[in-house]
Every structure is written in C-alpha cells, then in structure tokens.
Undergrad: 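Input: one structure, supplied below.
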Amino acid sequence: MKLDKLVGERFKERPSDCVVDSHALMVKGGYMKRVANGIFSMNPPLKRVTKKIENIIRYEMDRIDGQEVLFPVVLPAGLWEESGRYESVGSELLRFRDRSDAPMLLGMTHEEAAVHLVKEFGNTHNRYPFMIYQIQTKFRDEARPRAGLIRVREFTMKDAYSFHLTQEDLEAYYEECLEAYNRIFKRAGIPETITVASDAGMMGGKVAHEFMLPTPIGEDYLAICSHCDYTANMEVAQTIVKNASVPMEALTKVHTPNAKTIEEVCTFLGSDVKQSCKAVVYQKNVDDSYVIVFTRGDMDVNEIKLKNYLGEEVYPAIITEESGIVAGFIGPVNFAGNATLLFDISLEGIDSLVIGANEVDYHSTGFNVERDYGEVTYVDLSKILENGICPKCGQETIQLSRGIEVGNIFQLGTKYTESMNMTYTDENGDVKYPIMGCYGIGVGRLAASVAEAHHDDYGPIWPITIAPWEVHLCCLRSDDAETKDFADNLYKAMKDEGIEVIYDDRQVRPGFMFSDADLLGVPVRVVVSPRNLKESVVEISTRDKAIQMKVPTDRVMHEIKGLIEELYKEANRI
RNA sequence: CGGAGUGUGGCUCAGCUUGGUAGAGCGUUGCGUUCGGGACGCAAAAGUCGCAGGUUCAAAUCCUGUCACUCCGACCA
C-alpha cells in the first residue's frame, strides 16, 4: 500500500472534542471518522487493526472448540419476549417496527438468538458440551457514548455461548475460556489486563468475571489487593470493616443548627466521622417507596449491592414533605416516615453513634443500635475503601484503581434455556434444561485500549500482532532517482516476500513523513535516503525506538525479516 | 434524564462584552526555492458564522426557541 493513496485524513492538531488519548490519536491519525453520536466509520488502518484482533480471537476461540456462526443483527421482538428481556431491558435496546408493523429490535447481545439456533440440535445429551460464537455488529443505544471507541453505540463484538449438561462442566469450560481470554489480551498487546469478579447485571446468572485494563481513564472502579491475588469490580467487592471499640454513652438529643451533612455535624460536634451514622435515601422504581440505608459516616452506598440485595431497581430519592422524612436529620430512632430501613455492615460493632433526630436542626449522640433501636441484620451495602480489608487475605491492602472492561464472561445457568424452553433428554430419558455460559469481547474497544495503554505523544505504538502494517517504508527525497529506485525495489521485494508494508514515497519533507509514520504506529520503520545510500546502508528502527540500526543495503531484506520474526515471537510468547 | 460548557471554510481558533454585514494559522490547488522531525515565498479556491424565529436602518454579535457536540452525574456486559 502506498501512503499517498491511503484513505483517511490525518491532522496536525489534536481534535478539540477528544478527551482521552486513544480517541485523539485515532481521529488525528485518520483511523476513523465520527458519523453520529457514538457511531464511527473506520478507515483502512483501523479496519486492518480490528481485522487482526478478530483473527486472534477466532484462533483462540477455535482452539477451545468454539464454532463460528452468525446471528442476524435485526431480530424479531418475539424472540426477546420469550426471555422476558423485551420488557425488562431499558431504552438502550433499540426497538422499531418493520413495514408490516411487526415489532423488531437491533441485537445488543445474542443469548436469545443463540438458544433459538441450537434449540433442536441440543435436544439430546450426546451433543454436549458445545460452544458457538460470532463476531458481529451490536447496537446499544447508550445514553452517553464517550471516549471514542471506548463507549460507543454501534460496535463489533465477539460473543460466545456455551451449553453444558452440568454445572461442573460449565465451570471447567469457564476456566478454559478465561485462559483463552488471557491469551487473547496478551497477544493483542495488553498483557496488563487483569481478571476481576463482577456483577452479572442484566445478563443474569451468578458467577461473572470481567477483564480489565487498568488505566486512569477507565469507567469502572476496581478493588485490587496488593498483598494477595484478590481482584474485584468495586460493584461486588465485599466490604469488611473493623470498628474500634468506643465507650457506650447515653442517647442525647443535641441542637445542631444548619448542620445537615455528616461533615457539618461532625465538625459542629467535634466528633469523629467514623462514629457517625449517615442516611442515604432511595426510592424503588416499582412503587416509589422509600428505602433508607444507614452507613458509617465515611462510607458510601454501593447501589449495585443495594439493588442486588433488594432484588429490584432503585433511584436516588426525591424527598417530599409528605414522606415524613426530614432530609439532613434522618435517624433510625423515632423515625416517623414510611420506609424500609437498612443497616450497612460498617455500623456493626460501634457502640456510640451520632445520628439524625428526625427533627430539623437536631441530632442525637450516643446512639447504640441494639440498645436504642433493637436487633438488626447488618447488610453489606457500602463501597469498599482504599486501604480497606481484603476479603481474601484479611490485610488492609485494598487498592482502588480504574479500568476499561475489555471482555467479560458469565455463568448464566438456565435463565435462557428455561425461559425459552430449550431442553435435552438425558441418558435416563429425563428432560432437562442445559446450562449456559456466555463470553464477550468488544473488538473496537480492545483496539482503543491497546492504543490507550501503548502510545506516546506522536501516536499509537501497535504491537506487530495487530498493527495495520508490519513495515513502514519511508523514502526520503524521492526526487533523487537513485534513492527512489532503491526504495521502489525494496518495496516490491517486501511485497513479494508477503510482508505487509506501507510505502511513503511522497515528495514531502522528512519531518512531515516521520510524523505520519508515528501516527500510523507501524512497528518496523525502514528509512531509505540519499544520505544512507551514500554509506550503502538503510536505517531500520522500531516504533518504540527500542531498536535503531543501520544495516548494509545487501542485508536489508534479511534484517527486516529477522526483526519481524523476532517481534512476533515476543508478542506471542504466552 | 439532571448540571456545566461549546457550535464561525476540511482542522485549530480569534471576533461577540460595546451590533455596521467575516479574519488568522494549518490544510487544499498552482508556480518557484527548499529537503533527516510537521520549511518558505507568491498566487488562488473555500464559510448563508449549527438551525428557526424575533428586536433593529443594520445581527456572527442582543433576545427566544430548537438541534448537535464535549464534560460531570444518572444509566450501562
């Protein structure tokens, strides 16, 4: 490929709307162009990158006996009505009607389609286990796309679905898939990726893991133990609190004018935030009834845990006069409103607390839950803290980090097979539901994540496994006949050898040329110039500058091939 | 869906406060000089100032509405 014909416009300046580096570099480098909010077209360089990522994924999925299939993008609503998700999923599912007014939808995930495809095939136990996967466009009408390819509305995803006779078999396969995923991320150039326990969300099921690339621009928060191997999404990280023992005191009402927040109250009273009790109010989506969570003053409510505990959706409350809730002064004692009161685990063992008195400008001190309120069940509803206690090793070694979710795996159980009535007959003639697992990787997001993790000020630094080309050939001074001739021949020779090469023979200044080369991030750069030819050498370097050498002109092909081989070997080392 | 901000040639932006009918740099086209980290000179093309109303003799500028984008939050495999 010659660079002067490469489709896509590159820019000198960083595009103003781009906040994260991977987004900025991809727009600046002509990798993609925005079409609509969260919807992009890909130019050849990015298409080449994602194609290579897809092929790595294919290789690894096939290696664990996956069979590639293809489901439709457009699905009839009826299929999703079977599983109940046509109703339960919100407006991120794009629903529309076809010409005969039949309700349709754009696939955002394909459990229903997968079950539909193999329902008959899977009617006998002889055929299990098996896994099918596809690499295909998904559409999710996200409320807020952001960060280029990190969160988009339309994207390519590899989604896989496995079917098993027993939970043990699912678990064994789940492990295999987890390992395959780790190989994929390593080979694609982000060996930094870690596996964390996660919430199953709308997918259903109990056990789930996410593959996270730790980075400050990530959207998820992770709890990582620096002492043992515990890792979890903060959504599910178990909070453990050890409270210092404090002397019991009598429950005493005190005047706290204008002190509404925990900080204000504790400052006013001169008390420790850790001995205060914070009330956070929610309402249930289903009937708007109130739920109040009491936590220790320094803790925050983890809404995912709350939703999972209640088994239903909640939203931050709008507190009305009629509710009987005195905002800013809420406490468990003499609570007059109508609400479900929950006590977070962080309050357990504190014998004396500052609480709201349910009266404007009054709090109470010396609150003891058991003595003044009664026996309660403490529930884990709060977010784990930095330097919190690790649920696995018990040390105070939890570190919080942000991460991009590049993949996920779920043990689904029989949620879809039951709702869609997919059954098999076992060896005893009994009819049973198969057990499912599902496994996803966002291809574009993975490409963006690699760029995010590996770039410099001038552009992405692609690993050779997914780079748009293997070699970037620069001919400086193509107006010089001898130089041009040599470069042309080298270009042809590389193509003949099957090397993927992008050739820049434009009559532009060297700096201009190198800037474009940096933006394309191709791992091997070869520079042919009059200056080099005078010494009978050609310059070969890597994009990351780890290797920079001058090789004799008669050994150029040999050296290039050797370097490429070396880079592949390094990148594929598992 | 709430809060904040921004919309001016392909890109990055100035002009708006205090209305007088549009500018710069980059990029593009042509010619010439240059040539190892985004060169320079000359010439040229390119914008109904997001859109729609309104105020005014006159609107990029003031007012109203609307749309789009970015950020924060809510939401979210």
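Chain letters run A, B, ... following the sequence lines, proteins first and then strands; every chain starts at 1.
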Undergrad: Check the distance between C76(B)'s P and Phe410(A)'s CZ and give it to me in whole angstrom.
TA: 13 Å
Undergrad: Scan every strand shown for a Watson-Crick or G-U wobble partner of G5(B), both distances under 3.5 Å, and answer none if you come up empty.
TA: C69(B)
Undergrad: Name the nucleic acid region contacted by Met513(A), choosing base, sugar-phosphate or nothing; use a 4.0 angstrom heavy-atom cut-off, strictly under.
TA: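 The residue Met513(A) makes no contact with any strand.
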Undergrad: Run the side-chain contact (heavy atoms from CB on, under 4.5 Å) test on Val522(A) and Ile502(A) for me, step by step, so that the C-alpha distance in whole Å, both residues' side-chain angles and the decisive distance to 0.1 Å come before the verdict.
TA: CA-CA 9 Å; Val522(A) 172; Ile502(A) 178 96; 4.2 Å; yes
Undergrad: Between G7(B) atom C1' and Asn37(A) atom CG, what is the distance in whole Å?
TA: 15 Å
Undergrad: Between Lys484(A) and Asp505(A), is there a side-chain N and carboxylate O pair less than 4.0 Å apart?
TA: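 A salt bridge is present here (some side-chain N lies under 4.0 Å from a carboxylate O).
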Undergrad: Could you tell me how far apart Asp220(A) (CG) and G73(B) (C1') are, to the nearest whole angstrom?
TA: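 So the two atoms are 16 Å apart, to the nearest Å.
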Undergrad: I want to check one thing: is the phosphate of C72(B), taken as OP1 and OP2, less than 4.0 Å away from some side-chain N or O of Arg144(A)?
TA: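 Checking Arg144(A) against C72(B): at least one side-chain N or O falls below 4.0 Å of OP1 or OP2.
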Undergrad: Find the partner of G38(B): check Watson-Crick (N1-N3 plus N6-O4 or O6-N4) and G-U wobble (N1-O2, O6-N3) distances, both under 3.5 Å, and reply none if neither fits.
TA: none
Undergrad: Just checking Ile441(A): base, sugar-phosphate only, or nothing, at a heavy-atom cut-off of under 4.0 Å?
TA: nothing
Undergrad: Starting at CZ of Phe512(A) and ending at P of C40(B), how long is that distance when rounded to a whole Å?
TA: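 That distance rounds to 13 Å.
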Undergrad: State whether Asp344(A) and Lys278(A) are salt-bridged, where the test is any N-O pair (Lys NZ or Arg NE/NH1/NH2 against Asp/Glu carboxylate O) under 4.0 Å.
TA: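 Not counted as a salt bridge, because no side-chain N and carboxylate O are separated by less than 4.0 Å.
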Undergrad: Tyr458(A) has a side chain; which of G38(B), C35(B), G37(B) sits nearest to it?
TA: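 In terms of side-chain proximity for Tyr458(A), the closest of G38(B), C35(B), G37(B) is G37(B).
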Undergrad: Measure from the side chain of Phe11(A), starting at C-beta and using heavy atoms only, and say which of C35(B), G37(B), G10(B) lies closest.
TA: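 Looking only at heavy atoms from C-beta outward on Phe11(A), the closest nucleotide is G10(B).
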Undergrad: Return the pairing partner of A45(B) with a 3.5 Å limit on both distances, Watson-Crick or G-U wobble; otherwise return none.
TA: none
Undergrad: Across all strands, who's sitting opposite C57(B) as a Watson-Crick or G-U wobble pair, both distances under 3.5 Å?
TA: G20(B)
Undergrad: Can you measure from OG (Ser41(A)) to NZ (Lys33(A)) and round to the nearest 0.5 angstrom?
TA: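 It comes to 8.0 Å.
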Undergrad: From CD of Glu9(A) over to P of G10(B), roughly how many Å is that when rounded to an integer?
TA: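 One finds 10 Å between P of G10(B) and CD of Glu9(A), rounded.
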Undergrad: Which whole-number value in Å describes the distance from Gln507(A) CD to G32(B) P?
TA: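 So the two atoms are 12 Å apart, to the nearest Å.
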Undergrad: Just compare C72(B), C35(B), G38(B) and give me whichever is closest to any side-chain atom of Pro510(A).
TA: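 Of the candidates, C35(B) comes closest.
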Undergrad: Checking all strands, does Arg525(A) fall into the base, sugar-phosphate, or nothing category for heavy-atom contacts under 4.0 angstrom?
TA: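 If one applies the 4.0 Å heavy-atom cut-off, Arg525(A) turns out to touch a base.
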Undergrad: Closest approach of Asn43(A) and Met32(A), non-hydrogen atoms and distance?
TA: ND2-N, 4.0 Å
Undergrad: Which sits closer to the 5' end of RNA chain B, His23(A) or Lys138(A), going by the nucleotide each is nearest to?
TA: His23(A)
Undergrad: Which one is paired to A74(B), where only Watson-Crick or G-U wobble pairs with both distances under 3.5 angstrom count?
TA: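 In the structure as shown, A74(B) has no Watson-Crick or wobble partner.
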Undergrad: Establish, with yes or no, whether the OP1 or OP2 oxygen of C69(B) is under 4.0 angstrom from a side-chain nitrogen or oxygen of Arg34(A).
TA: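 Answer yes for this pair, as a side-chain N or O of Arg34(A) is under 4.0 Å from OP1 or OP2.
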Undergrad: Of the options G37(B), G38(B), C71(B), whose atoms approach the side-chain atoms of Lys28(A) most closely?
TA: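 Looking only at side-chain atoms, Lys28(A) lies closest to G38(B).
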Undergrad: Look at the side chain of Arg509(A) against the base of U34(B) and say whether a donor-acceptor pair falls under 3.5 Å; ignore hydrogens and angles.
TA: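 Side chain to base: pair found, below 3.5 Å.
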Undergrad: Counting side-chain heavy atoms from CB outward, which of G38(B), G37(B), C35(B) is closest to Asp479(A)?
TA: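 Looking only at side-chain atoms, Asp479(A) lies closest to C35(B).
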Undergrad: Using the closest heavy atom to pick a nucleotide of RNA chain B for each, name whichever of Lys158(A) or Arg506(A) lands nearer the 5' end.
TA: Arg506(A)
Undergrad: Counting side-chain heavy atoms from CB outward, which of G38(B), G10(B), G73(B) is closest to Asp516(A)?
TA: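 That would be G38(B).
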Undergrad: Given Ile39(A) and Arg153(A), is the side-chain contact (heavy atoms from CB on, under 4.5 Å) satisfied, shown in steps?
TA: CA-CA 6 Å; Ile39(A) 299 178; Arg153(A) 295 199 293 168; 3.9 Å; yes
Undergrad: How many Å lie between CG on Asp4(A) and C1' on U28(B), as a whole number?
TA: 16 Å
Undergrad: Using atom CG of Asp457(A) as one end and atom P of G38(B) as the other, report the distance to the nearest whole Å.
TA: 15 Å
